[in-house]
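Here is the structure we will look at, set down as structure tokens.
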There are 2 protein chains.
Amino acid sequence: MAKREKRITIYDLAKSLNIAPSSVSKALNNSHAISSKIKKMVEDKAKELNYVHNTNAANLRRGFTRIIGVIVPKINESFFANIIAGIEKGCVQHEHSLIICQTEESLEKEVNAVQTLIRQNVDCILISLSLETQSTAHLEEIKNNHIHFIQFDRVSPAIESYTVVNDNAAAAYQAVAHLAKQGYQKIAYFGGPAHLNLYQERKLGYKNALKDLGLTFNQAFVKDEIISKENGLQEALRLLQADVKPDAFLCTSDYVSLGVLEALKTLNLTSPKDIGIIGFANEMFTQLIAPSLSSVNQFSYEMGQQIAELYFNEVMKNKENEELKSVKVKTEIVQRASSSR
Amino acid sequence: MAKREKRITIYDLAKSLNIAPSSVSKALNNSHAISSKIKKMVEDKAKELNYVHNTNAANLRRGFTRIIGVIVPKINESFFANIIAGIEKGCVQHEHSLIICQTEESLEKEVNAVQTLIRQNVDCILISLSLETQSTAHLEEIKNNHIHFIQFDRVSPAIESYTVVNDNAAAAYQAVAHLAKQGYQKIAYFGGPAHLNLYQERKLGYKNALKDLGLTFNQAFVKDEIISKENGLQEALRLLQADVKPDAFLCTSDYVSLGVLEALKTLNLTSPKDIGIIGFANEMFTQLIAPSLSSVNQFSYEMGQQIAELYFNEVMKNKENEELKSVKVKTEIVQRASSSR
DNA sequence: CTGTTAGCGCATTCAC
DNA sequence: GTGAATGCGCTAACAG
């Protein structure tokens, strides 16, 4: 783009007020060490001359930027969009800006995003890992450059950091307990890639609940790479046509629940009568379709706010080597028709 | 945040290679005026010493930033989330970063967002106006600071700029034509605030279609401030209990369609038999509920891509005073159950 | 409280 | 092709 025409600087203000540039700087930054008289003078003159602060120059001088970088798999998945909205809210309150990157579930793009953000001198990187990510060398780079670092939702235990996550094990446990209470006994689990912490934990919660409730665990009812409606449809069809059939599904995504629902239609089964279903994320559509879908509300917007809070209240202020806190975001079973009998 | 420890600079690279800093800079920027031998040397050394380019310093020196600012009403509305995702895609291709702001439909926040972005020295601001926005002084500031400027979706004609929008008049026209073809005759229009261009145009398209098709226009069937499910429910109840009732609704939002649907249930009417419905935006849920909802697909992700394309292919390269192009994004009537009889 | 000085890290003249 | 000098605009350290 064309270079800007020469812009008004603090030197211009200083000259036209016959004071020192540093006084102008202090006045504009609301420093204690400046009289309110000069502050007023400077502010008025700044308005008069249409002065705009050059954040870039200040950043260079200061060494920090008041910019936070966020990396998510997909901006336009409602779960992540809500988180970003929550983070943005916190950033505005603390006068920070937000640079957003999406990985589209690709490790390569994630690595690039991290590099870009490091070069931009962001103060902190907030990241939810891509499905592909199993190595963490690029995350080590964040630390090497002394940039603050919070993982959320999809986090890697392979690298130490602050984290913000749902209590996924508890959520899955409660979901199973809920299904059992409604009289379902043979509960299947449809999870995502097992290398991701959150799916491991949900599976763990599922297993523990079965054990505690005295329900039998059947390995054939546990599937790990089910992350889309299509996956859910196919796998549900397979299970429901086997000799030993489940009578309920715990899906780790509402989209997978949709697939299961479609499988039921194909096989002339109904929910909740024949088969119970509960999903994760409490997507908008779960309350609109028939039967309405039970789901685990993950409070994504609140998660975003808590991520921001964690950064501004703790991480930003901390000295080196403080304890790395792990924040748990509440969850809630939203019972709807698909699991009510 | 804590100041970074002293980082490797081009001076460090220069010293350890016994060449001039400026040569390092040129090598890293792939300048013509540098031998490939030195380029190689520099690159290797950079990797060895873990050099990271300081974008901030470069920006200050250059006068531009390769950062684009986006301002939308709500990040987590799927329409805007999709647009942002599309823009981000284009930015990555052209090695630009994206700063995101949301206004939550507040003019005050919009003004703040614009100021922040100007101070950040973004190269371009992409904006979709808040519902409150009727003045444009803050947008003039963008121009005064010689920052490129594209309006999309919700644009103000009060300020000249590049624009990217759907052909809203044509879309509404086609929606009415579609309803008419399905045998609906008394079509109501539920639009948003009339000061916004896109609602004006949709209403215009609606009126023109009625005229061209020989359908009677009834002022009582036209409502302008209907933007939520609740609004839609209330207003539909009112219209459907009046003496002269509509037999179809053109809603400028799918959420409003939901409200209309609920009104029908309350009144023991059914769609599409008694009442036809078509909405705007083609939200995910429109295909999931019963009856499935017809809608105008606005191709939001593609809109995002086209915004980015417009910037990188035209705006960024242009000299001053070129023609301000207005890009139209295609739309498409997605016919589903709610308008099929 | 106010002013002087220096330099953040880089890209860009302009010499050579 | 390469190098030496300059300054983008700001803030921080220090002196007064």
Side-chain angles (χ1 to χ4, degrees), chain A residues 1-42 45-46 49-67 118-121 123 145-146, chain B residues 1-42 45-46 49-67 118-121 123 145-146:
Chain A
M1 79 163 263
K3 215 163 183 165
R4 311 227 191 305
E5 310 197 350
K6 85 170 183 298
R7 78 200 265 171
I8 305 291
T9 73
I10 54 171
Y11 288 92
D12 299 321
L13 296 184
K15 201 172 291 173
S16 87
L17 289 168
N18 268 316
I19 58 175
S22 60
S23 299
V24 175
S25 173
K26 281 172 201 153
L28 293 172
N29 285 300
N30 219 341
S31 158
H32 313 281
I34 203 86
S35 67
S36 52
K37 200 185 75 191
I38 290 210
K39 262 181 205 168
K40 179 88 177 77
M41 270 172 50
V42 171
K45 188 54 98 179
L49 299 186
N50 261 312
Y51 166 81
V52 290
H53 181 97
N54 188 333
T55 309
N56 241 296
N59 289 348
L60 177 59
R61 179 59 237 241
R62 279 205 191 103
F64 61 88
T65 55
R66 296 205 180 101
I67 298 180
I118 292 176
R119 283 200 280 259
Q120 296 275 1
N121 273 328
D123 289 350
N145 284 279
H146 303 95
Chain B
M1 83 160 261
K3 214 160 180 169
R4 309 229 191 303
E5 309 199 348
K6 84 174 185 299
R7 77 201 267 171
I8 305 290
T9 72
I10 54 172
Y11 289 91
D12 299 320
L13 296 184
K15 201 171 291 173
S16 88
L17 288 169
N18 268 316
I19 58 175
S22 58
S23 299
V24 175
S25 172
K26 281 170 198 153
L28 292 173
N29 285 298
N30 218 341
S31 156
H32 313 283
I34 205 85
S35 68
S36 51
K37 202 185 73 193
I38 291 212
K39 267 181 202 166
K40 179 88 176 75
M41 270 172 50
V42 171
K45 189 53 99 179
L49 299 185
N50 262 312
Y51 167 79
V52 290
H53 182 98
N54 188 330
T55 309
N56 240 297
N59 289 348
L60 177 59
R61 179 60 235 242
R62 280 203 190 103
F64 60 89
T65 55
R66 296 207 181 100
I67 298 180
I118 292 176
R119 284 201 280 260
Q120 295 275 3
N121 273 328
D123 289 351
N145 284 278
H146 304 96

**Asked** Over how many whole Å does the gap from B/Gln120 atom CD to D/dC8 atom P extend?
**Response** 21 Å
**Asked** With a 4.0 Å cut-off on heavy atoms, is A/Asn29 in touch with a base, just the backbone sugar-phosphate, or nothing at all?
**Response** sugar-phosphate
**Prompt:** Base, sugar-phosphate, or nothing: which does A/Ser22 touch, judged by heavy atoms less than 4.0 Å apart?
**Reply:** base
**Request:** Could you tell me whether a side-chain N or O of B/Thr55 sits under 3.5 Å from a main-chain N or O of A/Arg119, the two making a donor and an acceptor?
**Result:** yes
**Item:** Interatomic distance where CG belongs to A/Asn59 and C1' belongs to D/dA12 [whole Å]
**Value:** 15 Å
**Prompt:** Which part of the nucleic acid, if any, lies within reach of B/Ala33 when heavy atoms closer than 4.0 Å are counted: base, sugar-phosphate only, or nothing?
**Reply:** base
**Prompt:** Across the strands shown, which category fits B/Ser25 at heavy-atom distances under 4.0 angstrom: base, sugar-phosphate, nothing?
**Reply:** base
**Message:** Would you say that B/Gln120 contacts B/Ile67 through its side chain, given a criterion of any heavy-atom pair below 4.5 Å between the two side chains?
**Reply:** no
**Request:** To the nearest 0.5 angstrom, please state how far the CD1 atom of A/Ile34 sits from the NZ atom of A/Lys39.
**Result:** 8.0 Å
**Asked** Starting at the 5' end of DNA chain C and moving along, which residue's nearest nucleotide shows up first, A/His32 or B/Lys26?
**Response** A/His32
**Request:** Assess whether side chain to side chain contact (heavy atoms under 4.5 Å, CB included) is satisfied between B/Val42 and B/Leu28, documenting all intermediate values.
**Result:** CA-CA 7 Å; B/Val42 171; B/Leu28 292 173; 3.8 Å; yes
**Request:** Answer yes or no: is there a donor N or O on one side and an acceptor on the other, between the side chain of A/Asp123 and the main chain of A/Thr65, under 3.5 Å?
**Result:** yes
**Asked** Contact class for A/Ile34 vs. all strands (heavy atom < 4.0 Å): base, sugar-phosphate, or nothing?
**Response** sugar-phosphate
**Prompt:** Taking atom C1' of C/dT13 as reference, at what distance in whole Å does atom CZ of B/Arg62 sit?
**Reply:** 16 Å
**Prompt:** Which one, C/dA11, C/dC8, D/dC10, comes nearest to the side chain of B/Arg61?
**Reply:** C/dA11
**Request:** Mind calculating the distance between NZ (B/Lys37) and P (D/dG1) to the nearest angstrom?
**Result:** 11 Å
**Fill in**
note: B/His53, atom NE2; C/dC10, atom P; distance rounded to Å ~ 7 Å
**Prompt:** Quick one: on DNA chain C, does A/Ala57 or A/Ala20 contact a more 5' nucleotide (nearest heavy atom)?
**Reply:** A/Ala20
**Message:** If I take atom CG in residue A/Leu13 and atom C1' in nucleotide D/dT11, what distance separates them, rounded to the nearest angstrom?
**Reply:** 15 Å
**Message:** Without decimals, in angstroms, what is the distance between A/Ile10 CD1 and C/dT5 C1'?
**Reply:** 13 Å
**Interatomic distance where OH belongs to B/Tyr11 and P belongs to C/dG7 [whole Å]** = 12 Å
